[in-house]
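Read the structure below first, then the notes.
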Amino acid sequence: MRQRTNRRPRLLMAWPTLALAAVALAASARPASAGKMAWLDEVVQEVIVEARAGGKAMANGESSAIRAGGKLFVREADEGLEAIARRSEGIARAGGKVEAPSEALLNARFRRLIRPDADAARAFGNLAPAEKKVVVEMGEAAQSLARRYPGQAEAMVRELGTEGLSAVRVYGDDIAEVVVKEGPESLGVLRKTGRGGWEFFTGTVLPHKKKLAAAGVLALFLADPDKFVDTAGRVTEYAVNEFARAGLNLAGAVGAGAARGLEGSIGTTLAAYGLNHAVLRYLGMGLAGLLVIGSAMVLLGLPVRWMLRPITGPLRLLRGRRAVPTR
């Protein structure tokens, strides 16, 4: 009994020590996470400067030019690289561009991003594989923007953040201007509907932005874009009704959306074999159209050979000419 009664005060006395240890552990983990984000920020800054200066930024002492403007990833300063890597992987999966590069390939890609530096190489080598991958992808996306928009790259990256850079990496740097102009909520369109929904957003929604905003349809679209258009770019009946409420006719877009959806499906199938070319996509759409017509003729009880007459007729004439005996 004495041992039990003595053990209780000892446990109570140990609680403050355990609590302090837990706080110290959390405090030490947070600076490590913040340190990785600060290092990623510096790497991306160097990538932008070097891309803009044609790889001569460090030699010319221009590496401090961007740093004077402050950090790029302000919103993500307290996040960890691991969380950013998971979010980036989700965007890549939604865009059908999931990669699993080897560690040797990641090291080679990192060396191509910035000038050789022992400290940078050491820091990169200490990262987990998923963290290495996201650092390389952030750097490559920033490099692409710096080459396309030399004078605006820093401001664009600051506005895009890590999630926007991941989207640029997956969908191309042509989306960057729209995301910067329309705000980070536009990334939800890509996340939920992919490239098909993005084309509907830029080609149909944004040209009528004021009218749709006044009717409250724009807010509905940004909240649930997949109610308006699917990942293949097909416009829904809900979209037709909501656009009609704003005084816009989407009836013609339904057929166009179906065509885009068919082309997208064929493109996805061809991409699995490395054959996603425009000519093959259109050929596939043509064959799909013939199959639909043939199926309709069978259902109506019409001879399928009627559909083949444009092909069989010339072949019959050619065969008849060859069969004529020569004197």
Does the side chain of [Y] come within less than 4.5 Å of [X]'s, by heavy atoms?
| X | Y | answer |
| --- | --- | --- |
| Arg75 | Thr162 | no |
| Val134 | Met138 | yes |
| Gln143 | Glu50 | no |
| Arg245 | Val217 | yes |
| Tyr149 | Glu177 | yes |
| Thr204 | Leu248 | no |
| Lys71 | Glu42 | no |
| Trp198 | Val178 | yes |

Residue pair [X] / [Y]: nearest heavy atoms and the distance that separates them:
| X | Y | value |
| --- | --- | --- |
| Ala246 | Leu212 | CB-CD2, 3.9 Å |
| Leu106 | Pro129 | CD1-O, 4.0 Å |
| Ala85 | Ala130 | CB-O, 3.7 Å |
| Val168 | Ile175 | N-CD1, 3.8 Å |
| Val44 | Ala142 | CG1-CB, 3.6 Å |
| Ala120 | Ile114 | CB-CD1, 4.0 Å |

Atom pair [atom1]/[atom2] of [X] and [Y] - distance to nearest 0.5 Å:
| X | Y | atom1 | atom2 | value |
| --- | --- | --- | --- | --- |
| Arg148 | Asp174 | CZ | CG | 6.0 Å |
| Arg234 | Thr193 | CZ | OG1 | 12.5 Å |
| Leu165 | Glu140 | CG | CD | 11.5 Å |
| Phe110 | Leu127 | CZ | CG | 8.5 Å |
| Thr236 | Glu242 | OG1 | CD | 9.0 Å |
| Asp119 | Phe124 | CG | CZ | 15.0 Å |

Is it true that the side chains of Asp41 and Gln45 contain a donor and an acceptor less than 3.5 Å apart?
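There is such a pair between these side chains.
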Under the side chain to side chain contact (heavy atoms under 4.5 Å, CB included) test, residues paired with Glu99 that sit two or more places apart:
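Lys97, Pro101, Arg109, Lys133, Glu137, Arg169.
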Within a 6.0 Å radius of atom CD on Glu82, are there more than 12 heavy atoms belonging to other residues, nucleotides or ligands?
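Not more than 12 within 6.0 Å, no.
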Could you list the donor-acceptor pairs under 3.5 angstrom formed between side-chain atoms of residues 219-229 and any protein atom two or more places apart in sequence or on another chain?
none

Do Asn249 and Phe243 pass the side-chain contact (heavy atoms from CB on, under 4.5 Å) test, and can you show the C-alpha distance, the side-chain angles, and the key distance before you say yes or no?
CA-CA 6 Å; Asn249 184 14; Phe243 270 65; over 6 Å; no
Which pairs of donor and acceptor atoms, one on a side chain in residues 179-190, lie under 3.5 Å apart (sequence neighbours left out)?
unit_1: Glu182; atom_1: OE1; unit_2: Lys209; atom_2: NZ; d: 2.7
unit_1: Ser186; atom_1: OG; unit_2: Gly183; atom_2: O; d: 2.6

With hydrophobic residues grouped by side-chain heavy-atom distances under 4.5 Å, do Tyr238 and Val205 end up in a single group?
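Shared cluster, yes.
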Could you walk me through whether Ser102 and Leu105 satisfy the side-chain contact (heavy atoms from CB on, under 4.5 Å) test, starting with their C-alpha distance in whole Å, then the side-chain angles of each, then the deciding distance to 0.1 Å, before giving a yes or no?
CA-CA 5 Å; Ser102 65; Leu105 181 58; 3.5 Å; yes
